Protein chains: 2
Amino acid sequence: MSKAADTAYRYVRGEILSGALGPGAPLREEALAVACGVSRTPVREALRRLEAERFIQRSETQRSYVATLSPDDIAEGFALRTMLEGHAAARAAARIAPEQIEAMAAHNAAVGVAVGGATVDTASFVAHNRAFHQIVTDAAGSERLAAMLATVVEQPIVLRTARHYDREAVTRSHAEHDELILAFRRRDAEWARAVMTAHIRRAFHAYDDAFRQAGLTGARTEE
Amino acid sequence: MSKAADTAYRYVRGEILSGALGPGAPLREEALAVACGVSRTPVREALRRLEAERFIQRSETQRSYVATLSPDDIAEGFALRTMLEGHAAARAAARIAPEQIEAMAAHNAAVGVAVGGATVDTASFVAHNRAFHQIVTDAAGSERLAAMLATVVEQPIVLRTARHYDREAVTRSHAEHDELILAFRRRDAEWARAVMTAHIRRAFHAYDDAFRQAGLTGARTEE
DNA sequence: CGGACCTGTAATGTATACAATAGCCTTTCC
DNA sequence: GGAAAGGCTATTGTATACATTACAGGTCCG
């Protein structure tokens, strides 16, 4: 995407992920255009892209709103992420380069520092956790898969700013990352898939616990 | 989408699926605009949507071309479709309405007619097969899942016009559909998932065989 | 003779004006 | 006073003009 469209995309996406625009908030093209100093044309392009990525929903009358996720939507999002990221780990095990494994180890060492201090360094944890997972997605070598993951990975980020991470959860996360690295070193696709699957499932329940604690209706684990 | 944008979307999509625009063909906005009697603006919107759905790829310099799929892309597409449609079947088993099951049975009866004659009625088979699978996707009740499936289901349609279906393959397909209906009647999610998974995997190999027969490089089953 | 740069041409990116449509408020009639 | 209908306003859809960027061809210099 080019300059103005990219500006609009990042602006709207940022407003949504930061929580400045909550679920259901209306998105008027003209207002967004003046807010980020471009014309409506690139704003429209950004909105359509965000719609494809499920950040935005449109009414039957073509008006745009920040997406509202039901508990089932969230549970389903995690179910899809579990499958897709497990699959990505299996593919990555056969394709990942040694340098990428080292980069993952470096990011996970940083995660260890972030969760090992007196208080959990949430910002650092989030950044290195994201980078760690991104390497797996990249190593899987499937753009289609990467695009699908993009629509489910960022979904629950809104809550991240609202809560402190549970130390036990992030410590487990760190250990699971280490095990994934071991699976990659052995190039064991099924091991990698299993570790990643368990990792995302545990993250789902950690998220769900925090969600309920925040006084909202939790997602239902079905099936 | 509104009128002009929808016109452009269907026009370009149709040209790609019909094979009139082969893989790698350049897509110039102005030319497409005059071809379907609208301005560049709705054409651009259609191209961006088709890009999100992976029908179109863009060069680093922002030019648009009909997507070219490598053998690994195709194999990966089927792998994703296997996972996602298996998941859809499992979800559908818990949610599908009796009328939907009856509709599936009706479509599969039509499939039986299409594949049981002196020659296979390809057009009828394709139409009813598609409707059958669409009911499963709808019954799964997840728009996100439906959107993901849309990007992998149509992928290999280009070849459908070029070959006659193998009678054994379509007959098996018919039988597998029947078994899926049985699983739905019992509301057995894991049975439904297993049947659908096997169904798509078999379809992949049928596709791959036809692909090789057509003198092209077949997709590689990896892992 | 080859390569690099520069210029012309053609494509895409952006802005803006205009058209169509949906929503809302007001007004009018029962 | 309420409900329905009509017009006004706000928002999105489309077209077009202009800006910007990339590709290609040629020319100039080494």
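None of these values were measured; they are calculated from a predicted model. Residue numbers begin at 1 in each chain, while the letters A, B, ... track the order of the sequences.
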Peer 1: Nearest whole angstrom, please: distance from the P of C:dA22 to the CD of A:Glu60.
Peer 2: 10 Å
Peer 1: Using whole Å, what does the distance between atom C1' of nucleotide C:dT12 and atom CG of A:Asp6 come to?
Peer 2: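 Result: 16 Å.
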Peer 1: What's the closest nucleotide to the side chain of A:Lys3 if the choices are C:dA22, D:dT16, C:dT14?
Peer 2: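 Of the candidates, C:dT14 comes closest.
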Peer 1: Could you check which of D:dT14, C:dG23, C:dT14 has an atom nearest any side-chain atom of A:Pro42?
Peer 2: C:dT14
Peer 1: List in numerical order all residues of residues 24-33 of chain B for which some heavy atom is under 4.0 Å away from an atom belonging to DNA chain C.
Peer 2: B:Leu27, B:Arg28, B:Glu29
Peer 1: Inspect the contact between A:Glu51 and A:Arg58 and indicate whether a charged nitrogen and a carboxylate oxygen are less than 4.0 angstrom apart.
Peer 2: yes
Peer 1: Quick one: which of D:dA15, C:dT14, D:dG13 gets closest to the side chain of A:Arg48?
Peer 2: D:dG13
Peer 1: Could you check whether the side chain of A:Arg40 and the base of D:dG13 have a donor-acceptor pair of N or O atoms closer than 3.5 Å, going by distance alone?
Peer 2: yes
Peer 1: Which one, C:dT14, D:dT14, C:dA22, comes nearest to the side chain of B:Ser39?
Peer 2: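 My answer, after comparing the listed nucleotides, is D:dT14.
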Peer 1: Once you round it to whole Å, what is the distance between C1' of C:dT12 and CD of B:Glu51?
Peer 2: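 Checked: the CD to C1' distance equals 13 Å.
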Peer 1: Between C:dG13, D:dC23, D:dG13, which one does the side chain of B:Gln62 approach most closely?
Peer 2: C:dG13
Peer 1: Is the phosphate of D:dC23 approached by B:Thr61 (side-chain N or O, under 4.0 Å from OP1 or OP2)?
Peer 2: yes
Peer 1: Sequence neighbours left out, what passes ring-ring contact (aromatic ring centres under 6.0 Å, His included) with A:Tyr11? Give chain and number order.
Peer 2: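 Here no residue qualifies.
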Peer 1: Looking at D:dT11, C:dT14, D:dT14, which one has an atom nearest to any side-chain atom of A:Glu45?
Peer 2: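 Closest nucleotide among those given: C:dT14.
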Peer 1: Holding to salt bridge (Lys or Arg N to Asp or Glu O under 4.0 Å), I want the full list of residues that pass it with A:Arg40, two or more places apart in sequence or in another chain.
Peer 2: A:Glu29
Peer 1: Where the side chain of A:Arg144 meets the backbone of B:Thr151, is there a donor-acceptor pair that is under 3.5 Å apart?
Peer 2: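 The answer is yes, because a donor-acceptor pair under 3.5 Å joins these two groups.
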Peer 1: I'd like to know if the side chain of B:Ser18 reaches the main chain of B:Ala20, judged simply by a donor and an acceptor atom lying under 3.5 Å from each other, with no hydrogens or angles considered.
Peer 2: yes
Peer 1: When you measure from the side chain of B:Thr41, which nucleotide among D:dT12, D:dT14, D:dA22 comes out closest?
Peer 2: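 Comparing D:dT12, D:dT14, D:dA22 against the side chain of B:Thr41, the answer is D:dT14.
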Peer 1: Have a look at B:Arg44 and say if it touches a base, only the backbone sugar-phosphate, or nothing, with a 4.0 Å heavy-atom cut-off.
Peer 2: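 B:Arg44: base contact, heavy atoms under 4.0 Å.
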Peer 1: Please check this pair: side chain of A:Arg193 against backbone of A:Met83, looking for a donor-acceptor N/O pair closer than 3.5 Å.
Peer 2: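 Here the side-chain-to-backbone pair does not exist.
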Peer 1: When the distance from CD1 of A:Ile56 to C1' of D:dT12 is rounded to whole Å, what number comes out?
Peer 2: 14 Å
Peer 1: So, the side chain of B:Ser173 versus the backbone of B:Ala169: is there a donor-acceptor pair under 3.5 Å, distance only?
Peer 2: no
